[in-house]
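Presented below is the structure to which this report refers.
Numbering starts at 1 and runs along the sequence shown.
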Amino acid sequence: MPLTFLNAGEVHLVKKIQGEREIRRYLEELGFVAGTEISIISELSGSLIVKIRGCRIALCKSLATKILVA
């Protein structure tokens, strides 16, 4: 399921990154790699604040829908 379907505080694993090669590479460079734990901290003005690898990252919803979690 896409990352945007999660509720704040839930912890899941990144399953796959969808999209064009440039988008996948960009997200992978930020740390969104299959098997990594991810959680949503909050949702603000159409953006998500997520925690991954001990860092907080803000993502627009269009990028967040490219991240599939299990």
Side-chain angles (χ1 to χ4, degrees):
M1 84 178 113
L3 180 61
T4 54
F5 286 10
L6 298 184
N7 295 318
E10 293 181 6
V11 178
H12 287 269
L13 295 177
V14 174
K15 183 177 178 182
K16 182 180 177 182
I17 307 296
Q18 295 181 329
E20 297 177 16
R21 190 175 88 171
E22 292 175 9
I23 292 171
R24 288 192 319 263
R25 186 173 1 138
Y26 173 72
L27 290 171
E28 288 170 356
E29 287 174 357
L30 288 175
F32 296 93
V33 182
T36 305
E37 283 189 355
I38 187 171
S39 64
I40 294 180
I41 297 172
S42 66
E43 182 178 348
L44 301 168
S45 303
S47 296
L48 297 175
I49 309 296
V50 300
K51 183 177 180 182
I52 187 164
R53 296 183 180 211
C55 297
R56 293 180 180 189
I57 299 175
L59 292 174
C60 63
K61 282 197 175 179
S62 63
L63 278 180
T65 59
K66 307 286 186 199
I67 302 168
L68 300 180
V69 295

How far does [atom1] of [X] sit from [atom2] of [Y], to the nearest 0.5 angstrom?
X	Y	atom1	atom2	result
Ile52	Ile67	CD1	CD1	7.0 Å
Leu30	Leu59	CG	CG	7.0 Å
Thr4	Lys61	OG1	NZ	7.0 Å

Which heavy-atom pair separates [X] from [Y] by the least distance, and what is that distance?
X	Y	answer
Ala64	Leu48	CB-CD1, 3.5 Å
Val50	Phe32	CG2-CZ, 3.8 Å
Ala58	Ile49	CB-CD1, 3.7 Å
Ser47	Cys60	OG-CA, 4.2 Å

Give a yes or no on whether [X] and [Y] share a hydrophobic cluster (residues Ile, Leu, Val, Met, Phe, Trp, Tyr; joining criterion: side-chain heavy atoms under 4.5 Å apart).
X	Y	answer
Tyr26	Leu68	no
Ile41	Leu44	yes
Phe5	Ile17	yes

Q. Does the side chain of Ile40 come within less than 4.5 Å of Leu3's, by heavy atoms?
A. yes
Q) How would you list all residue pairs meeting salt bridge (Lys or Arg N to Asp or Glu O under 4.0 Å) that involve residues 2-31, not counting sequence neighbours? A) none
Q | Audit row: Gln18, Thr65, side chain to side chain contact (heavy atoms under 4.5 Å, CB included) steps and yes/no | A | CA-CA 8 Å; Gln18 295 181 329; Thr65 59; over 6 Å; no
